[in-house]
Structures are given as structure tokens and as C-alpha cells.
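This report refers to the structure that appears directly beneath it.
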Amino acid sequence: MNIGIIGSGSYGVALLSSLVKSNNITLYTRFKEEEEYLLKNRKSPKIDYLIPSKVEITSDKELLKNKDLIIIAIPTEGIDLIKELKPFIKSSNILIATKGITNDGYFVYEIVKNILNTNKVGIISGPSFANDVIKGYPIGLSLACKSNNFKNICLKVFKNTNIKLRPTKDMIGISICGSIKNVVAIAAGILDALNCPMSTKAMLVTESLHDIKNLIKLLGGSSKTFTSFAGFGDMMLTCSSIESRNYTFGKYLVEKDKTFLEEYKNNTTVEGLYTLNSIYKLLKNKKISIPLIDIIYEIVYKNENPEKLLTFLLEKE
């Protein structure tokens, strides 16, 4: 199949590595200088993978036309790029690999669906560090979509790769899981910096899953989704590994000074920071109480003592 991948970051390149054997891939970056670098080196400075010569690398929007599938793998805060690309991708099936909630309180799939005025939209989400995908290890992802035809196209595209897709129709639930796990990973990193053992991190994850389950139900999704690859699976991965950028940021929040943190944020995509601000606003607007989100927000954005997280976990009802 002919596939366009929007986003040449670590995850976009990782998906490319899995799909390139059986599909024709066009890798799109909006930045001309990045296009030139990738064409010259056939490798992104963000991840160690040599991009095969058969992959078309471009910043030309025209080359995204007439694709069987477009995969979006850009940070949530850059999702407005889809407005620029609309004339070139609006007729394609759109698979979203971006996890997060916008500052306006919308899930990424809602933004894309509204911009393109299409129902041919789905989401993939689950425990999958880019390096693990590239190394060919077995990876499990949730595939959320409403259309059986869309589901079958995605299953065909990922057939005979190292990525297993488990379909669901719960786009709300998968979006919530994929977003909030990055926020909880920041809290897990804070616990690490406070020298807490895995027992305490397991306590955090368990409490988080209860809250996610309740939030999914309140926002109209299926509470069963929290047991999916995108739910428990992704939470387990991102809350237990220093390879998670969100986990690392939480750790650095306690250990490093403000200058270091600003430099880290400027050079690394920490989705949990953007999502934390967005989910906090969303919950306030909908008058939904998730105290765990409140305490993480207070520590990250209001400079509250990180040790308040320990007290919170003991006192949480």
C-alpha cells in the first residue's frame, strides 16, 4: 500500500521501520532544512535508524496526495499543521499515532476529524518505545476506529510486521488512556527522584488506573478500555522506565535546576506537560474531580513540594 507518514520524529521513523518492507512509504516533514538533512544522511538525529533508499523523504505537500493511508505522528501542540495539509490528505484514511489533548479540551482525533471533515479516522496507541519498534521486538497497540473498512485496511497494512493491532471502537477511551499515561509517568519520575521503591510506583499506577477508568466512563467511553494495550499496558511501560521522556522529566523536576529543565523541555518533546495543562483545564470546565491530576498539576505548574505526592497517595480515598 501507499502510505504517508507525517512527522519525522522518533516515533514516525519507528513506524516507518516496521512498515517499509511491505509498503511504499513517503516520510513528510514540514521543515525544508530537516528534509535536506534526512536526504543527505538517511538518518534522523533523533533516533538510530538508517532510512532505506526506497523511502521518499519530502517537505512537498503534493507528494502526500492519493495515499491509501496517512499516519500522523507529530506532537499534539503541532496538530494545526493538518489545516495546511487538508487539500492533500482529505481523501485518505487517517491513522493518528499522536497522544494528547489540545489546550481547547479536544482529543486529537476530534481535531483531525473536524478539520478534514471525514469519518475515515482511527487511532493507534499502546506501549511502544520507538527504539523497541525499530529493533523488531513484538509490540502490541490498540487500534480504535468506528469503521470496519478502516479497521481492515490498518490490519492489512500492519500484517507481517512486529506490531500487533487489537481493534476497538472506543476512540474516547483509547484517547484518554494515551493522554493521561504521560501525565502519570511524570508523577512516577517524581517518585523515582524521591527514592521511592517499585512498591510505591505500583501504588501510583493502581490509583491512576482507577481514576482513568472512572474518567473514561464519565466522558462516554467504555470503562473496559483501561485494560487494553493503550491503558494498563502503556501505563506500565511509561511509568517504569527512564527511557520515557515524561518519566525522565518528572525525575529531573526534583533533581535539576530551572535552567536545566527549560533546556530539556526545549530539546525534548515532553507530551505529558502539554497534556497535563490541557486535561486540567478540561476537567475544570466539565466540573469533574480527579485529585491525582490536581496534585500533579500543583507540583509541576505551581511549584508545590514534590513530597506532597507521597502524602496524597496515602490519603487518597
Side-chain angles (χ1 to χ4, degrees), residues 1-7 11-12 15 19 23-26 28 61-126 141-159 163-180 215-226 228-231 275 278-279 282 286:
M1 287 196 179
N2 295 312
I3 299 171
I5 298 178
I6 299 173
Y11 203 65
L15 291 173
L19 298 173
N23 302 281
N24 299 313
I25 308 289
T26 296
Y28 174 83
K61 303 178 183 72
E62 288 281 348
L63 296 181
L64 291 174
K65 282 185 174 179
N66 304 316
K67 301 300 182 187
D68 298 304
L69 185 70
I70 293 286
I71 300 176
I72 298 174
I74 57 177
T76 305
E77 57 264 39
I79 203 63
D80 276 354
L81 171 64
I82 303 306
K83 292 178 182 178
E84 297 178 26
L85 300 179
K86 179 178 178 178
F88 312 96
I89 66 173
K90 61 183 179 180
S91 63
S92 298
N93 294 286
I94 309 293
L95 183 61
I96 300 167
T98 299
K99 302 170 182 177
I101 300 172
T102 68
N103 272 327
D104 295 329
Y106 292 99
F107 298 120
V108 174
Y109 83 86
E110 293 177 311
I111 297 292
V112 173
K113 184 177 177 181
N114 290 336
I115 291 174
L116 300 180
N117 191 26
T118 181
N119 289 315
K120 297 190 295 184
V121 174
I123 309 162
I124 48 171
S125 184
L141 300 179
S142 297
L143 166 67
C145 59
K146 300 291 187 181
S147 161
N148 284 332
N149 183 57
F150 185 96
K151 176 188 73 176
N152 291 334
I153 288 172
C154 291
L155 291 176
K156 182 177 180 180
V157 164
F158 283 87
K159 187 177 181 181
I163 297 176
K164 172 183 179 178
L165 299 182
R166 180 160 286 165
T168 175
K169 292 188 176 181
D170 186 14
M171 298 182 75
I172 292 174
I174 295 298
S175 296
I176 292 171
C177 289
S179 302
I180 295 184
L215 181 58
I216 291 172
K217 189 174 181 180
L218 286 169
L219 294 181
S222 169
S223 58
K224 294 180 181 179
T225 299
F226 88 106
S228 68
F229 288 136
T275 301
S278 301
I279 192 67
L282 173 66
K286 291 185 176 292

Whether D68 side chain and N2 backbone form a donor-acceptor pair below 3.5 Å: yes
Distance-minimising heavy-atom pair for F229 and K164: CE1-O, 4.5 Å
Quick one: does S142's side chain have a donor or acceptor within less than 3.5 Å of a partner on A230's backbone? yes
Looking only at heavy atoms, which two atoms of C145 and G122 are closest? And how far apart? CB-CA, 4.1 Å
Look at the side chain of K120 and the backbone N and O of S91, then say whether any donor-acceptor pair between them is shorter than 3.5 Å. yes
So which heavy atom on I163 is nearest to which on L141, and how close? CG2-CD1, 3.7 Å
Pairwise side-chain contact, I172 with Y109, heavy-atom cut-off 4.5 Å (strictly under): yes
Rounded distance [0.5 Å steps], CG in N93 versus CG in L69: 6.0 Å
Criterion side chain to side chain contact (heavy atoms under 4.5 Å, CB included) on T168 and K224, from CA distance to verdict: CA-CA 11 Å; T168 175; K224 294 180 181 179; over 6 Å; no
Any side-chain heavy-atom pair of I89 and I82 under 4.5 Å: yes
Please name the pair of heavy atoms, one in S278 and one in N103, separated by the smallest distance, quoted to 0.1 Å. OG-OD1, 3.2 Å
Reported NZ-to-CG distance for the pair K159 and N152, which is rounded to 0.5 angstrom: 11.5 Å
Any chance you could lay out the side chain to side chain contact (heavy atoms under 4.5 Å, CB included) test for I176 and F226, step after step, and finish with the verdict? CA-CA 9 Å; I176 292 171; F226 88 106; over 6 Å; no
Correct closest heavy-atom pair for M1 and I153 would be SD-CG2, 4.1 Å
Assess the residue pair I174 and S228 against the criterion (side chain to side chain contact (heavy atoms under 4.5 Å, CB included)); give the C-alpha distance rounded to whole Å, side-chain angles, the decisive distance to 0.1 Å, and a yes or no. CA-CA 8 Å; I174 295 298; S228 68; 3.8 Å; yes
Are T225 and C177 close enough that some pair of their side-chain heavy atoms sits under 4.5 Å apart? yes
Kindly compute the distance separating CG (L282) from OG1 (T102), expressed to the nearest 0.5 Å. 9.0 Å
Atom pair CG/CG of L155 and L143 - distance to nearest 0.5 Å: 6.0 Å
Please tell me if the side chains of I124 and L15 come closer than 4.5 Å, counting only heavy atoms from C-beta onward. yes
Sidechain-backbone polar pair: K67 side chain, S92 backbone, donor-acceptor under 3.5 Å: no
How far does OG of S147 sit from CG of N119, to the nearest 0.5 angstrom? 9.0 Å
Can you confirm whether I111 sits close enough to D104 that some side-chain heavy atom of one is under 4.5 Å from a side-chain heavy atom of the other? no
Under 4.5 Å between any side-chain heavy atoms of I79 and Y106, yes or no? no
Is it true that, when you exclude N66 itself, more than 12 heavy atoms of the residues, nucleotides or ligands shown sit nearer than 6.0 Å to its CG? no
Where F150 and I94 come nearest, the two heavy atoms and their spacing: CZ-O, 3.2 Å
For a side chain to side chain contact (heavy atoms under 4.5 Å, CB included) check, start with the C-alpha distance between L19 and I71, then their side-chain angles and the critical distance, and finish with the verdict. CA-CA 11 Å; L19 298 173; I71 300 176; 3.6 Å; yes
Answer whether the closest heavy-atom distance between the side chains of F107 and I96 falls below 4.5 Å. no
To the nearest 0.5 Å, how far apart are CD1 in I5 and CD1 in I74? 13.0 Å
Can a donor-acceptor pair be found, under 3.5 Å and without considering hydrogens, that links the side chain of T76 to the backbone of K99? yes
Between the side chains of D170 and S222, does any donor sit under 3.5 Å from an acceptor? no
